[in-house]
Novice: 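Dropping the structure in here first, questions after.
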Amino acid sequence: MAFSSTDRAALRKRLLSWYRRHRRDLPWRREPDLYRVLLSEFMLQQTRVEQALPYFERFLKAFPDLRALAAAPAQEVLKLWEGLGYYRRARHLHETAKRLAPLKQVGVAELAECPGIGPYTHAAISSIVFGAALPVVDGNVNRVLARLLALAEPPESAKGRRAIRAAAAELLAPRAPGDFNQALMELGATVCLPRGPQCLLCPVQAWCRAKERGTPEAWPLKRPKPARPHKQIAAAIVRRRDGKILIAQRLSGALLGDLWEFPGGKREPGESLEAACAREVREELGVEVDVGAKVFEIEHGYSHFTITLHVFECAYRKGKPRALGCQAFAWIREDELSRYPFPKANHPIVAKLSGR
DNA sequence: TAGCCGTGGTG
DNA sequence: TCACCAAGGCT
């Protein structure tokens with residue numbers, strides 16, 4: 001045990017009391033039913049509250065309950081998710097809704113079977129909605145507990161993960177697991193910040209071994225991360241003589257899965273951007289184009305690499321499009337572009353072409 | 001275990 | 001400018 005039973009009891013009491021006074025007023029906390037909490041937890045995976053908020057409101061308006069979400073077309077769900085990132089979450093959320101909506105009763109066991117619900121999300125929903133005594137471990141909990149314990153290993157390491165899990169389970173308030181879990185996360189999000197922790201405002205500072213050592217921001221210990229490579233990407237605005245543009249839908253499992261894009265891809269060593277552009281259109285859709293002027297150069301970063309996106313105006317020459325390196329394609333007018341979900345890096349192109 | 005999967009804010 | 005990192009899950 002990392003703490004004595006009297007310390008555990010006092011720490012819980014302080015934390016819960018602090019949470020009940022200081023918690024943020026968030027829409028999914030006003031009526032914490034299964035649907036709202038489920039929706040919020042999917043959106044909050046690796047995503048800040050402020051970024052998820054407008055999406056939560058939009059979803060709740062478009063799909064007021066689990067049944068409405070389950071009945072929606074997949075494309076509509078993805079379009080509403082556009083811009084939020086980690087697009088697999090949209091598909092998993094939709095599949096989870098379709099799985100749960102027909103059930104008379106949903107409980108801890110049913111949640112565990114759903115796609116997109118891992119250990120964190122399962123414990124979060126179960127504790128908040130059903131009052132199940134399951135500890136959550138997320139980025140906030142990792143940081144808060146690593147500091148409380150002055151943990152000697154990075155939380156991502158095997159030893160660190162075990163220690164954090166054990167501490168979270170040990171501290172969990174058995175009679176208010178939902179509030180306790182949210183309190184720990186709220187503390188991490190608003191007080192026990194990655195940089196510049198507000199220790200003087202912290203309700204559990206008396207038990208914090210990192211604060212005791214004098215340099216709380218030195219925890220959690222960091223693991224070196226690999227550098228992000230940079231790639232040169234060519235993309236084509238392929239126009240037919242009637243003015244329509246050729247777009248493609250990306251493969252489901254891939255990066256930006258199920259989203260639509262302007263066809264293109266990575267430049268090979270020694271290849272010109274124009275040649276890469278023509279080659280990628282040929283490989284992806286079986287279409288020959290004449291590459292014209294470059295009209296965009298866009299810098300963009302993803303989670304594990306960065307790109308420069310070079311966009312060329314291209315004239316359609318020949319070949320009937322086929323879905324070779326994509327799952328679907330479409331010839332569309334410029335004013336139809338905004339109906340399709342595009343990755344963020346393509347938004348400047350969509351905005352310009354659709355005249356906004 | 002470690003790499004893949006987005007986007008936006010921050011210092 | 002750039003690294004960091006955020007209510008993680010899947011393979």
Side-chain angles (χ1 to χ4, degrees), chain A residues 19 23-24 26 28-29 32 36-56 78 81-93 95-96 111-128 134-144 154-162 164 168 178 180-190 192-196 217 220 222-230 250-259 261 298-307 341-347:
Chain A
Y19 176 65
R23 68 176 184 179
R24 291 167 290 180
L26 302 173
W28 48 87
R29 283 180 177 163
R36 280 159 219 262
V37 173
L38 178 80
L39 196 55
S40 70
E41 290 301 341
F42 268 82
M43 289 183 171
L44 290 170
Q45 288 169 7
Q46 293 289 284
T47 305
R48 294 174 196 282
V49 166
E50 306 78 51
Q51 194 188 351
L53 267 175
Y55 287 87
F56 180 84
L78 190 58
W81 197 275
E82 184 185 30
L84 196 53
Y86 285 127
Y87 297 97
R88 193 168 49 173
R89 290 184 294 174
R91 190 173 67 252
H92 284 161
L93 170 65
E95 283 167 14
T96 288
L111 283 181
E113 303 297 315
C114 292
I117 297 186
Y120 163 77
T121 306
H122 183 251
I125 299 174
S126 300
S127 64
I128 296 170
L134 296 172
V136 296
V137 177
D138 74 329
N140 291 304
V141 174
N142 273 334
R143 185 171 57 259
V144 171
E156 299 83 7
S157 69
K159 281 184 72 177
R161 213 170 23 249
R162 276 197 298 273
I164 300 268
F180 179 86
N181 281 334
Q182 293 186 84
L184 216 46
M185 294 190 281
E186 192 85 348
L187 188 67
T190 63
C192 194
L193 304 169
R195 274 169 295 190
E217 63 275 9
K222 299 186 203 324
R223 243 189 358 180
K225 288 187 183 173
R228 295 190 301 174
H230 188 83
R250 296 176 60 87
L251 295 172
S252 206
L255 173 76
L256 307 167
D258 297 332
L259 271 69
E261 66 172 1
I298 300 167
E299 299 292 336
H300 197 77
Y302 295 101
S303 50
H304 53 299
F305 62 92
T306 60
I307 65 165
F342 280 87
K344 204 72 174 177
N346 286 8
H347 285 190

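Residue numbers start from 1 in every chain, and the chains themselves are labelled A, B, ... in the order their sequence lines are given, proteins ahead of strands.
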Novice: Specify the separation, in whole Å, of atom CZ of R143(A) and atom P of dC5(C).
Specialist: 9 Å
Novice: Send over the distance from E186(A) CD to dA7(C) P, rounded to a whole Å.
Specialist: 10 Å
Novice: Roughly how many Å is it from CG in D138(A) to C1' in dG9(C), rounded to a whole number?
Specialist: 14 Å
Novice: Could you give the CD-to-P distance, from E41(A) to dA6(C), as a whole number of Å?
Specialist: 16 Å
Novice: Centroid-to-centroid, Y120(A) to H122(A), below 6.0 Å?
Specialist: no
Novice: Starting at NZ of K222(A) and ending at P of dA6(C), how long is that distance when rounded to a whole Å?
Specialist: 9 Å
Novice: What is the distance, to the nearest angstrom, from the CZ atom on R23(A) to the C1' atom on dA7(C)?
Specialist: 15 Å
Novice: Rounding to an integer number of Å, can you tell me how far Y120(A) OH sits from dG8(C) P?
Specialist: 6 Å
Novice: Give me the distance, rounded to whole Å, that separates dC4(C) from dG3(B) when you measure between the P atoms they each carry.
Specialist: 15 Å
Novice: Return the 5'-most residue of the pair R29(A), C114(A) with respect to DNA chain C, ranking by each residue's nearest nucleotide.
Specialist: R29(A)
Novice: Roughly how many Å is it from CG in N142(A) to P in dA6(C), rounded to a whole number?
Specialist: 9 Å
Novice: Could you tell me whether A52(A) contacts a base, only the sugar-phosphate backbone, or nothing, with contacts defined as non-hydrogen atoms closer than 4.0 Å?
Specialist: nothing
Novice: Output yes when at least one side-chain N/O atom of S40(A) is less than 4.0 Å from OP1 or OP2 of dA7(C), else no.
Specialist: no
Novice: Produce a footprint string for nucleotides 2-11 of chain B: one letter per nucleotide, 5' end first; B if the base is under 4.0 Å from any protein heavy atom, S if only the sugar-phosphate is, - if neither.
Specialist: S-SBBBB-B-
Novice: Side chains of D258(A) and R250(A): closer than 4.5 Å at any heavy-atom pair?
Specialist: no
Novice: Say you draw a straight line from CZ of R36(A) to CG of L26(A); how long is it, rounded to the nearest 0.5 Å?
Specialist: 13.5 Å
Novice: Quick one: CZ on R143(A) to CE on M185(A), what's the gap to the nearest 0.5 Å?
Specialist: 12.0 Å
Novice: Can you check the distance between dA7(C) and dC5(B), where both ends of the measurement are the P atom (answer in whole Å)?
Specialist: 23 Å
Novice: Side-chain contact, heavy-atom cut-off 4.5 Å: L39(A) with Y55(A)?
Specialist: no
Novice: Say we look at dT11(C) and dG6(B): how far apart would their P atoms be, to the nearest angstrom?
Specialist: 14 Å
